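Single-structure report; data block below.
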Amino acid sequence: MSSETEDVRQYIEGADYPARAQDLLAAARSSDAPDGVLEHLEQLPTNAQFSDPEEVAEELENAQGPGEDQAPPGEPAEA
């Protein structure tokens, strides 16, 4: 699990589940989450409903996909 996902989990602990993406964003904002955490939560599908923080973490990991920091095929990686 990425450190970003761990950070997100920290800020959504207080959310009432089941929760939608906008509920999680509101919970993170009320916990004074940094912009990076809010941006991460904004990647969640708006129509999805999550039953617990673990489900949110799984969705975020899946949304990132493997090798997020890698350049697309045919493009040089940034130095």
Side-chain angles (χ1 to χ4, degrees):
M1 187 172 301
S2 72
S3 63
E4 291 93 0
T5 303
E6 284 298 320
D7 290 346
V8 167
R9 288 182 69 163
Q10 170 186 334
Y11 289 103
I12 62 171
E13 291 271 324
D16 291 327
Y17 291 90
R20 297 193 188 286
Q22 61 265 29
D23 301 327
L24 298 171
L25 272 165
R29 285 189 183 108
S30 69
S31 298
D32 295 323
D35 289 343
V37 167
L38 299 176
E39 289 170 8
H40 213 55
L41 283 170
E42 288 169 354
Q43 295 175 21
L44 293 171
T46 55
N47 60 344
Q49 186 163 310
F50 303 95
S51 57
D52 56 42
E54 185 62 35
E55 192 175 345
V56 176
E58 287 177 23
E59 179 66 34
L60 289 171
E61 289 293 313
N62 292 339
Q64 280 184 314
E68 179 185 285
D69 296 335
Q70 295 177 351
E75 293 190 23
E78 291 184 33

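None of these values were measured; they are calculated from a predicted model. We number each residue from 1, following the sequence as shown.
Contact check for L41 versus V8: side-chain heavy atoms found under the 4.5 Å cut-off.
A distance of 7.0 Å separates CG in L60 from CD1 in I12, rounded to the nearest 0.5 Å. Here the CG atom belonging to L24 is positioned 12.5 Å from the NE2 atom belonging to H40, to the nearest 0.5 angstrom. Note that CG of L44 and CD of Q22 are 10.5 Å apart. Values are rounded to the nearest 0.5 Å. Rounding to the nearest 0.5 Å places CZ of R20 at 14.0 Å from CG of L25.
The two residues Y17 and F50 make their nearest non-hydrogen contact at CD2-O, 3.4 Å. Smallest separation of non-hydrogen atoms from D16 and A19: O-CB, 3.3 Å. For T46 against A21, the heavy-atom pair with the smallest separation is CA-CB, 4.2 Å.
Each of E59, Q10, E61 was checked for a side chain to side chain donor-acceptor pair (under 3.5 Å) with T5, and the lone residue meeting it is E61.
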